[in-house]
Amino acid sequence: MDQRTETMRAFWQGKRVFLTGHTGFKGAWLSLWLHTLGAKVTGYALDPPTDPSLFELARVDQLVHSVTADVRDLERLKEELAQARPEIVIHMAAQPLVRDSYKIPVDTYAINVMGTVHLLEAVRSCPSVRAVVNVTTDKVYENREWAWGYRENEPMGGYDPYSNSKGCSELVTASYRSSYFNPARYQEHRVAVATARAGNVIGGGDWAGDRLIPDCIRAILAGEAVQIRNPHAIRPWQHVLEPLSGYLTLAQRLYEEGVRFATGYNFGPAEEDARPVGWIVEKLCAGWGWGAGYQIDEGDHPHEAHYLKLDCSKARNELGWTPRWSLARTLDSIVAWTQAYRDGADLREVCLQQIAEYEAS
């Protein structure tokens, strides 16, 4: 075990963590990781959003205290937070899909905006909390389709309801930080609040609809050609463990050093791993081997940004965080995970093995 992993385990051992959205793809991976680190996790979320789901396949409910409830229910959220008495809160519950946000904009705003309001209101009434990380997305920025990465001080925006609602979540967090968790009055409230911006997260166990990798996996497993909507769209692809390591690092620094880190941070891949959709699908199909192929879907699709990159200099310089896995290794890990799923392997053990490999890299 390297020094970074030893330090992380020493910090998280026994920490009480309240994690919203733990039944989702990212939430299930984070629940598994926190469990291996020795944290005492209370998860708060609706039932898993997909079938199959990583949460069920990896039997995450056996490892955390799982509460089935809605972030739109303020009183229930307050009640569960009070019972859990967490030291650290990580807010990941969301309606996370751009295309769904066009279909259900009211629900998208209710979950992503008012859910954030409710979470921060609950934190206000819970004296045990010392650190809060609100997870948003790389899509919070006003996208100008330019060639360089967005920095944390760029204007919030969002073309579609999902992206815009997450930009609103950032603004809500900033307002609560100024109004109730002001850094100048830290000695009074003792709560440090930050936001984490990451997107295009990929990895084994993602079954969401209208997402590139899950769509690829479903087609490959069914022996069908993968349908690509926007082959030239460029995104900052990264394995799910990359931003999760950023969230864990940020939460630890907030807890240990307070308001010095109470701001927004980007977590994204190395610049060379911002690749077009078509490149990703070609590599994934090649990694899978015989029988995997793709074709362009020429249908009419809702607007999606063409070009999006993040500048992660701030996280690197202030938090000491850097991505560990190349995009090629990430795609290899997805192929290995999916083949294990196809072969009926113990998927909790597969996830834990990949977490151990990531920690050692």
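When reading the values below, keep in mind they use all heavy atoms of this one structure, side chains included, and skip hydrogens, waters and symmetry mates. Residue numbers count from 1 along this sequence.
A cation-pi contact links R275 to W279, judged by a cut-off of 6.0 Å to the six-membered ring centre and 45° from its axis. Figure legend: cation-pi geometry between K15 and F11, with NZ or CZ positioned under 6.0 Å from the six-membered ring centre and within 45° of its axis. Under the 6.0 Å distance and 45° angle rule, K314 counts as a cation-pi partner of Y265.
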task: Might you work through the side-chain contact (heavy atoms from CB on, under 4.5 Å) test for Y162 and T137, ending with a clear yes or no?
output: CA-CA 10 Å; Y162 166 72; T137 175; 3.4 Å; yes
- request: Walk me through it: do N266 and D138 pass the test side-chain contact (heavy atoms from CB on, under 4.5 Å)?
  value: CA-CA 7 Å; N266 290 338; D138 57 356; over 6 Å; no
- request: Could you check S245 against W33 for side-chain contact (heavy atoms from CB on, under 4.5 Å), going step by step and ending with a plain yes or no?
  value: CA-CA 9 Å; S245 74; W33 199 351; 3.6 Å; yes
- request: Go through the steps for Q95 and D107 under the test side-chain contact (heavy atoms from CB on, under 4.5 Å), then give the verdict.
  value: CA-CA 8 Å; Q95 192 298 96; D107 285 344; 5.8 Å; no
- request: Could you walk me through whether Y150 and K139 pass side chain to side chain donor-acceptor pair (under 3.5 Å), step by step?
  value: CA-CA 10 Å; Y150 292 90; K139 298 175 181 63; over 6 Å; no
message: Before you tell me yes or no, could you show the steps for S101 and T108 under side chain to side chain donor-acceptor pair (under 3.5 Å), namely the whole-Å CA-CA distance, both residues' side-chain angles and the distance that decides it to 0.1 Å?
response: CA-CA 6 Å; S101 77; T108 298; 5.0 Å; no
task: Report the C-alpha distance between N112 and S169 in whole Å, list the side-chain angles of each, state the deciding distance to 0.1 Å, and finish with yes or no for side chain to side chain donor-acceptor pair (under 3.5 Å).
output: CA-CA 6 Å; N112 294 351; S169 177; over 6 Å; no
- request: Any chance you could lay out the side chain to side chain donor-acceptor pair (under 3.5 Å) test for H65 and T42, step after step, and finish with the verdict?
  value: CA-CA 5 Å; H65 174 57; T42 296; 5.2 Å; no
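Under the 4.5 Å side-chain criterion, counting only non-hydrogen atoms from C-beta, W325 is in contact with E357. Contact of the S333 side chain with the H239 side chain is registered, since non-hydrogen atoms from C-beta on lie closer than 4.5 Å. No side-chain heavy atom of S31 sits less than 4.5 Å from a side-chain heavy atom of F55. Between I202 and L331 the shortest side-chain heavy-atom distance falls below 4.5 Å. Between L30 and M92 the shortest side-chain heavy-atom distance falls below 4.5 Å. Within the 4.5 Å cutoff, the side chain of P86 has no heavy atoms near those of the V17 side chain. Residues E152 and T263 fail the side-chain proximity criterion, which asks for heavy atoms closer than 4.5 Å. Counting only heavy atoms from C-beta outward, the side chains of Q238 and N200 never approach each other to under 4.5 Å.
A donor-acceptor pair under 3.5 Å is absent between the side-chain atoms of S175 and the main chain of L171, judged by distance alone. One N or O on the side chain of W29 and one on the backbone of G204 form a donor-acceptor pair closer than 3.5 Å. Side chain of N182 to main chain of S178: a donor-acceptor pair is present (N/O by atom type, distance under 3.5 Å, no hydrogens or angles). Remark: the backbone N or O of A208 is paired with a side-chain donor or acceptor of D206 at under 3.5 angstrom. Between the side chain of E242 and the main chain of R324, a donor-acceptor pair closer than 3.5 Å is present. For R16 (side chain) and A39 (main-chain N/O), no donor-acceptor pair under 3.5 Å exists by modelled atom type.
Interatomic distance, CD1 of I90 versus OG1 of T20, reported as 9.0 Å (0.5 Å rounding). Distance check, rounded to the nearest 0.5 Å: CD of Q339 to CG of L221 gives 9.5 Å. Note: D332 CG to T330 OG1 = 8.5 Å, rounded to the nearest 0.5 Å. In this structure, L241 CG and Y358 OH are separated by 6.5 Å, a value rounded to the nearest 0.5 Å. Within the model, atoms CD of Q252 and CG of L250 stand 10.5 Å from one another, a figure rounded to the nearest 0.5 Å. Atom-to-atom distance recorded for S313:OG and E318:CD is 10.5 Å, nearest 0.5 angstrom.
Counting non-hydrogen atoms of other residues, nucleotides and ligands closer than 6.0 Å to CZ of R85 gives a total of 12 or fewer. A 6.0 Å sphere centred on CZ of R329 holds more than 12 heavy atoms belonging to other residues, nucleotides or ligands.
In plain terms, the two heavy atoms of S53 and P48 that are nearest each other are OG-CB, 3.5 Å. Minimum heavy-atom separation, L54 to F25: CD2-O, 4.0 Å. Of all the heavy atoms in C351 and W337, the pair that sits closest is SG-NE1, 3.4 Å. Here the closest heavy-atom approach between residue A198 and residue Y247 is recorded as CB-OH, 3.7 Å. Pairing each heavy atom of D73 with each of H118, the nearest pair is N-ND1, 4.2 Å. The two residues L19 and G27 come nearest to each other via the heavy atoms CD2-O, 3.8 Å.
Taking a cutoff of 4.0 Å between a charged side-chain nitrogen and a carboxylate oxygen, R76 and E80 qualify as a salt bridge. Note on R253 versus E256: no salt bridge recorded, every NZ/NE/NH1/NH2 to OD/OE distance being 4.0 Å or above. Between E154 and R197, none of the side-chain N atoms (NZ, or NE/NH1/NH2) sits under 4.0 Å from a carboxylate O, so this pair counts as no salt bridge. The existence of a salt bridge linking K309 and E271 is confirmed by a sub-4.0 Å separation between a basic side-chain nitrogen and an acidic carboxylate oxygen. The pair R72-D70 counts as a salt bridge, with a side-chain nitrogen and a carboxylate oxygen less than 4.0 angstrom apart. The existence of a salt bridge linking R218 and D215 is confirmed by a sub-4.0 Å separation between a basic side-chain nitrogen and an acidic carboxylate oxygen.
For the residue pair N134 / T173, a side-chain donor-acceptor distance below 3.5 Å is found, with atom types taken as modelled. Using modelled atom types and a 3.5 Å distance limit, the side chains of S163 and Y141 yield no donor-acceptor pair. In this model, a donor atom of one side chain and an acceptor atom of the other lie less than 3.5 Å apart for Y255 and E87.
Hydrophobic side-chain contacts under 4.5 Å tie Y180 into a cluster, directly or through other members, with F18, Y44, V67, V71, L77, L81, V89, Y109, I111, V113, M114, V117, L119, L120, V123, V129, V132, V172, Y176, F181, V191, V193.
Both W288 and L284 are part of a single hydrophobic cluster, where members link through side-chain heavy atoms under 4.5 Å apart. Under a hydrophobic clustering in which Ile, Leu, Val, Met, Phe, Trp and Tyr are joined whenever their side-chain heavy atoms come within less than 4.5 Å, directly or via other members, L46 and V106 fall into different clusters. Hydrophobic clustering of Ile, Leu, Val, Met, Phe, Trp and Tyr side chains at less than 4.5 Å, counting indirect connections, unites V133 with L319. Following chains of ILVMFWY side-chain contacts shorter than 4.5 Å, one cannot reach L97 starting from V140, and the two form parts of different hydrophobic clusters. There is a path of hydrophobic side-chain contacts, each under 4.5 Å, that joins I334 to L352.
Ring centroid separation for the pair Y341 and W207 comes in under the 6.0 Å cut-off.
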